[in-house]
Amino acid sequence: METSMHHSVDPYDALPPVPAFTLHSDDIADGRTLGVAQRSAIFGRPGEDRSPHLRWSGYPVGAMSFAVTCYDPDAVTVSGFWHWVVHDIPASVNELPAGAGNIDGKALPAGAKTLTNDAGRRGFLGAAPSPGEAPHRYMFVVHALDVPTLDDVPTTASPAWLGFRLVAHGLGRARLTPVFGIPA
């Protein structure tokens, strides 16, 4: 069975357009291979499941809060794979340290809420594609929002439900998309 695929669809292209702003990281970069820290050890391979450092700037005036997501649209499922989903990050915050996505949540700012990712864990899960698949894209996105909190998103909500609210309240998006694949 052929497992390499060409990945060209960008799921964010299907959403209503919003202004872009800038996302920087000490750990990841567009098109660069993820380091061991941002890979997962879930299947016994080297990995640390540590969320990357993220810093954003140039976001729209009027941003009242932020959300951070990490999504793999290339996972071999019909729905992709959500690796990390955090919302209600206060507008006074424009940086998360490496490891902010730890399950204990201690490095997140006060008030931030983490939803369960697609592995059923409340925290960041690193990259873990199957050997032989084309490198996957890991879309780290900071969403600037027009409300201070998303009170209508319970902590039991799915990442897809949060996605509806991010579109409804979105003022802008900043993105970095590193990649990772394991040779066959």
Side-chain angles (χ1 to χ4, degrees), residues 5 7 9-18 20 23 28 34 38-43 47-52 54 56 59 63-91 93 96 99-130 133 136-180:
M5 298 176 282
H7 306 297
V9 175
D10 183 333
Y12 286 92
D13 287 346
L15 300 180
V18 293
L23 181 56
I28 62 172
L34 287 172
Q38 284 74 48
R39 298 177 196 170
S40 184
I42 195 168
F43 297 118
E48 298 175 15
D49 293 304
R50 188 172 70 219
S51 60
L54 300 171
W56 53 95
Y59 45 86
M64 299 177 75
S65 69
F66 298 99
V68 173
T69 60
C70 177
Y71 177 69
D72 172 3
D74 304 321
V76 185
T77 72
V78 297
S79 60
F81 192 93
W82 291 98
H83 285 259
W84 191 30
V85 184
V86 181
H87 67 93
D88 290 358
I89 297 169
V93 173
L96 294 178
N102 290 350
I103 292 174
D104 65 16
K106 291 180 180 177
L108 288 172
K113 296 176 183 77
T114 303
L115 299 183
T116 303
N117 63 31
D118 281 343
R121 118 183 220 180
R122 199 173 295 278
F124 176 76
L125 181 72
S130 295
E133 294 175 5
H136 290 210
R137 296 167 292 165
Y138 296 88
M139 297 179 169
F140 288 85
V141 181
V142 176
H143 308 260
L145 306 174
D146 66 0
V147 292
T149 62
L150 292 169
D151 291 331
D152 58 346
V153 178
T155 56
T156 56
S158 69
W161 177 251
L162 177 66
F164 284 119
R165 308 317 298 145
L166 297 179
V167 169
H169 294 287
L171 294 174
R173 281 184 214 105
R175 299 172 43 171
L176 287 175
T177 305
V179 297
F180 181 63

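The figures that follow rest on heavy atoms only: side chains count, while hydrogens, waters and symmetry mates do not. The model shown is predicted, which means the values in this text are computed figures rather than measured ones.
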**Message:** What verdict does the side chain to side chain contact (heavy atoms under 4.5 Å, CB included) test give for L96 and W56, after you've listed the backbone C-alpha separation in whole Å, the side-chain angles of each residue and the deciding distance to 0.1 Å?
**Reply:** CA-CA 9 Å; L96 294 178; W56 53 95; 4.0 Å; yes
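- Proximity of a side-chain donor or acceptor of N117 to a complementary backbone N or O of V85 within less than 3.5 Å is not detected.
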Next item on the list: Assess whether side chain to side chain contact (heavy atoms under 4.5 Å, CB included) is satisfied between L125 and F81, documenting all intermediate values.
Entry: CA-CA 10 Å; L125 181 72; F81 192 93; 3.9 Å; yes
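- Of all the heavy atoms in Y71 and P11, the pair that sits closest is CE2-CG, 3.9 Å.
- Across G170 and V18, no two heavy atoms sit closer than the pair O-CG1, 3.9 Å.
- Residues meeting the salt bridge (charged side-chain N to carboxylate O under 4.0 Å, His left out) test with D152, sequence neighbours left out: R165.
- Of all the heavy atoms in Y59 and A144, the pair that sits closest is CB-CB, 4.4 Å.
- Using the six-membered ring where Trp is involved, Y138 and H83 have ring planes that are perpendicular, over 60° apart on the 30 and 60° scheme.
- Classified by interplanar angle (parallel below 30°, tilted 30° to 60°, perpendicular above 60°), the ring pair F140/W84 is perpendicular.
- In this structure, a donor-acceptor pair under 3.5 Å is present between the side chains of H169 and D146.
- Side chains of E133 and D74 form no contact here, defined as non-hydrogen atoms less than 4.5 Å apart.
- We find the CG-CG distance between L115 and L162 to be 5.5 Å, quoted to the nearest 0.5 Å.
- Atom CZ of R122 and atom OG1 of T155 lie 5.0 Å apart (nearest 0.5 Å).
- Under the 3.5 Å distance criterion, the side-chain polar atoms of T177 are left unmatched by any main-chain donor or acceptor of M139.
- Closest of all the heavy-atom pairs between A63 and A91 is O-CB, 3.5 Å.
- Smallest separation of non-hydrogen atoms from P90 and F66: O-CD1, 3.8 Å.
- In this structure a side-chain-to-backbone donor-acceptor pair under 3.5 Å is present from R39 to L34.
- Atom-to-atom distance recorded for F43:CZ and S130:OG is 7.0 Å, nearest 0.5 angstrom.
- Between T69 and L166 the shortest side-chain heavy-atom distance falls below 4.5 Å.
- Checking side-chain atoms of Q38 against main-chain N and O of R50 turns up a donor-acceptor pair under 3.5 Å.
- In plain terms, the two heavy atoms of A128 and S40 that are nearest each other are CB-CB, 4.0 Å.
- Without hydrogens or angle criteria, S65 side chain to D88 main chain gives no donor-acceptor distance under 3.5 Å.
- Counting heavy atoms from C-beta on, the side chains of I28 and L54 come closer than 4.5 Å.
- How far OG1 of T149 is from NZ of K113: 6.0 Å, rounded to the nearest 0.5 Å.
- Within the model, atoms CZ of F180 and CG of D72 stand 11.5 Å from one another, a figure rounded to the nearest 0.5 Å.
- Checked by atom type and distance alone, the side chain of D49 pairs as donor or acceptor with a backbone atom of G126 at under 3.5 Å.
- If you take CG on D10 and CZ on R175, they are separated by 4.0 Å, rounding to the nearest 0.5 Å.
- Applying the side-chain contact (heavy atoms from CB on, under 4.5 Å) test to D104 and every residue at least two apart in sequence or in another chain returns N102, K106.
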